[in-house]
Amino acid sequence: MKKTLLPLLLAFVLMLAGCVKTKSDVAEKPAADSKSGGNASEQVEIEVLGMSSGEEDLNIVRDQLVKNGFKVKLNIQPDYGSFKAQQDAGNFDVAVSGWTTVTGNPDYAVRSLFKSGGDYSIMADPEIDKLIDKASTQTAKDYVKTYKELEQRLVFDKAYIAPLYISLKTQAVNKDVLNPKSVRLSKSRSLAWETIDFNDEAKRETEPFILSQANPTLTSLDPIKGNDGSINMINTNMYVRLINLTDDDKITADGSLSRNYSIADGNSEYYFLLRGDINFAKITDKKAVDTGERVGADDVIFSLDRAKDKNSVPDHRTYSLHEHIKTAEVVTDVSALEKVKQSGSDKSVREALEKGLDTPISTLVDDKTQVNNKEGKYQVVKVTTTEPFPQVLNYLAHQSAGIVSKKQVESINTYDVASFDVTKDIPYGDQNTVTEGDKYNNTLYTSGPYILSYKNDYEAIFHKNPGYMKGTEHEPKISNIKLRFIKDIDSSLSALRNGEIYVLYGVPENKQDVVESDSKLKLQSMESNGVTYLLFNTKNRDVAKSEDLRKAVLYSINQDEIISYYQGKKIKAVSTVSPIVKTGNELKADPAKAKEFLNKYLSSK
Amino acid sequence: MSTILKENESFYKRHALKLSPEYTQGSFTWITTLALTVVFLLSSIDFSEKAVKPSVFGVFTAYALFTLIQMIITLKIKQDLKKLGFIRQSTRMLGYIQLLSIFTGNIFVTAFAFQLIKKKKTPEYVFAVYMLLIQFFVIAVSALNLFKPYVSDTFLPAMFVFLIIALFQLAVLFLIAKEKKGAKVAGWKPFIGIPLLLTALTGNLFALVLGWNMLMEKRNRNNPSTGKWYKVWEKIASNTTSMLGLFFIIFVFAISVCSYLTFDYGMAIENNYSAILQAPSLVYPLGTDNFGRDLFSRIVFGARISLIVGLLSTAIPFIIGGILGAISGYYGQRTDNIIMRVLDILYAIPGILLAIVIIAAFGSNTMTLVIALSVGSIPTYARTMRANVLMVSNYEYVDSARALGASNLSIIFKQVVPNSLAPMIVKATLTIGGAVIATSSLSYLGLGVEPHIPEWGNILKIGSTYLESHSYLAIYPGLAIIALVLSFNFLGDGLRDALDPKLD
């Protein structure tokens, strides 16, 4: 039997050998050449730094670099703190970084990231500084070209960053409970609570609207002292601003403290006509009470002055956003408004401010208690910038420019800023004052649609501001809001599907199918201002010295592959301004170029 | 004398059902296969579309057929045993039909069939059967790569060699099956033993044991010191569950070794964006993950890390803890106090926390993972060893060795340690399973090996995010972990029974 089997077996194997392709048969080039980029000893090692939450991106980048002949070392950190520590220590060649332009204007997308000495900048290139400054003074029409030049220099000529993608902003809504049309999804601004309504309007007073947030530790409830995920949504809904952004990032006065606004000719003076129907709210016995104090021009001026002044509070986190504000003042002379022309028009500022008003301006008052819009008594605030800077309006729409009560903040912040002692002094908006327990002493005065009553580690309770634009379409619909703190996104999604929460912001790509297949949920999504990119080390590594090496990495990145990994739920990017300004640039992966630059780098070594 | 024999016979007849290993194994087999059959039936029906998947349904029919035959055989065995007290040859012949089930990959039925065919089973026969089964499974699993767009360069020659080895092992099985029990050692044995040892290079450890046994048989016969180990093998070979456990462990080991030649690492590690999240098919037998990597290849390569880490992180505390325990147990007094108190301190630190700290301090790679998992379990091994040594060092043969003037070290390592090893071996097999789980849990937490490296915990981690939409991504690596851990536990149980002198 063995004798007959063996030839049979041989024949079978030979037959198989004829129709089976081996790896080297299908490889286009000799494997050693395409896979390893020359000898193993010559292989260039790239250390990629990232967070474990971005493991997918890290793996895609790793795979693409390996396929282009690099040796990749991954440095994965569990959280942002340790990631930042590694980044500050310079333990990386490229770091997977993310940036979201919360103000919706291109200047913010580049200034603190790439300008020499910027808040988050690790580079110094005079050419780039010049382009950033030039673009900031231009209007939307003109700056496209400047930003295109900037991208050319930043990405293609110098390869300081290698872009990966623009994310989508997604939000899932329980449409059985909430009216999905009332839940806004905006490109830059946080979720606005006042418009949200139940399907059953009778529930407005009795049922709370429940949503979730990851971080239970609130940085500060003083708007200028924080700009992060823990308070952005909360402070946006607790403090009204001079101006707002629409869902697609256009400037609007809708739902803001201004009835109208106008830019004066020269792009350095900005006028805002204030509404008289917003009062501050405060908390008494954990219930929201109307203080009877109107939000007026003195509060606006006070808020903007402290926003731009680095020394107004200890630990000021947002002054760089407002460094372009020179002065803010109240205008009492109506004729002054008539003399000034609008930017790019022959009409006067007064005409712009009076547009659509029921009663035109009769007098401008200094004292906010005198305001009576029905009788034509208004307040106007004029903001002057240090240089022509139209994008200042975007910064004024940011939550850090929220209006606080002059009287209340001054009465709480009695400490001396220079000798501030964290253990003794309690600043306005300290989260301990609203946390249940011994230290609870809620001193918040809020100008926005809602006010925080109290919080603990599991949830925060908000009540509607009873004195907020009563009788208008902007009056908050739902009286009570419960913000649940759920750290894990998977748990939040489960909570949404169980009906424990009604809105979930930021549904991960791989869970969107699940949301779409659930009949009671609705998935909303739109392009966001969030860009993910690779940041090159500029200090102590070879990538800092060699432009060729950086470009070899740059051209190894294939955005098409990234997008197909995310099943089309990401958008191509070139730089952090890509979501805001369509410059027409595009990064095309080019293995030939990557190889060329890599060889150039190797021969120069 | 004759009455005693008669009584014995009637005793056997009366208790034949309980005493027959074939009957217990037969019942075990039909229940397991029935369960598998039901699983296949359920997965062949697409409940949402109300349609039947023909390929899975085909597998189900094959399984159902063999289950049916298995039930009939079990029934026949029962009748035979009740009527005659032994199994008729005609019933045993049915086993040849069941042998065909090897082509469905049903290890339970095949193993049973081999048991049924042969009336008097020597451990050699059982080992030869399992050796052949492993070779067959390795070839079958490797052959699945034929459906891939391409195979690794060494695939064809390697498969050819594997086939030849399988034929050779089949021949060995025939020779062993024909051999009579208790006969003189056949002259061919040493000559076959050496090539058989060489086939163990494919990772088939059954071949190693069998080959070694063949080489040493003549020498070892009637040697009292090795007789004990032969007994142990005999006991394990007759214990089906522990043999199945051993089968899976050695299969995983063999496929890890063979995968160097027959599997392409690129399939497991390189992203393929055109094949993301594909359902299981012939090209991708277990589907692909979110990066388009072949889950089947990943699990096969992952076995390597799981096994290496599992074995090493058991071997290190086994050796270190064993030596420390032996020294402190033998010398006692101050030595004992110092060593054991120091180990008590180590024992007071929770193992998994210690592992996390070590990984956090030295970075995550396979070596630190092994060390991290090893350090925590040194004290338990030391305690086990110390307890045995305390007992053994009071025995007469230790005293006599001392009286003969043997040095302490030689007493420890020649007399005491070998006789204290049995509980350590049992403990080790039982903790390997724990180590495999610990490796996977650490990877699952993102503390083990790098995420793109195929490791079962890593694979499971990706699967957990797709539990609802692509559940196979979590089910298969989960099953692999369960099967390996369960196998070690079964083997450990079998070893404990075999090594326990009280059960003799």
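These numbers come from the heavy atoms of this one structure, side chains and all, not from hydrogens, waters or symmetry mates. So that the names make sense, note that chain A is the first sequence line, chain B the second, and so on, each numbered from 1.
- Taken from CD in A:Glu561 to OG in B:Ser274, the straight-line distance is 9.5 Å, to the nearest 0.5 Å.
- Rounding to the nearest 0.5 Å places OH of A:Tyr565 at 8.0 Å from CG of B:Leu277.
- Atom CD of B:Glu270 is separated from atom NZ of A:Lys67 by 5.0 Å, given to the nearest 0.5 angstrom.
- The environment of A:Lys73 atom NZ is sparse: at most 12 non-hydrogen atoms of other residues, nucleotides or ligands sit within 6.0 angstrom.
- Below 4.5 Å, heavy atoms of chain B meet heavy atoms from A:Glu55, A:Glu56, all part of residues 47-56 of chain A.
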Determine, stepwise, if the pair B:Tyr273 / A:Asn558 fulfils side chain to side chain contact (heavy atoms under 4.5 Å, CB included). CA-CA 11 Å; B:Tyr273 301 96; A:Asn558 186 339; over 6 Å; no
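- B:His452 pairs with exactly one of A:Val66, A:Asn59, A:Leu58 by the side-chain contact (heavy atoms from CB on, under 4.5 Å) rule, that one being A:Asn59.
- In this structure, A:Arg497 pairs ionically with B:Glu468, as a charged nitrogen and a carboxylate oxygen lie closer than 4.0 Å.
- The distance from the CZ atom of B:Phe291 to the CZ atom of A:Arg62 is 8.5 Å, given to the nearest 0.5 Å.
- Using a 4.5 Å cut-off between heavy atoms, A:Leu74 contacts chain B through both its backbone and its side chain.
- Within 6.0 Å of atom OH in B:Tyr265, more than 12 heavy atoms from other residues, nucleotides or ligands are found, so the atom counts as buried in its surroundings.
- Proximity of B:Ile276 to A:Gln567: side-chain heavy atoms (C-beta onward) are separated by under 4.5 Å at one or more points.
- The contact between B:Thr465 and chain A is made by backbone and side chain atoms together, counting heavy-atom distances below 4.5 Å.
- Between the side chain of A:Asp63 and the main chain of B:Asn271, a donor-acceptor pair closer than 3.5 Å is present.
- No other option in A:Asn75, A:Asp560, A:Ile60, A:Asp490 has as many heavy-atom pairs under 4.5 Å with chain B as A:Ile60.
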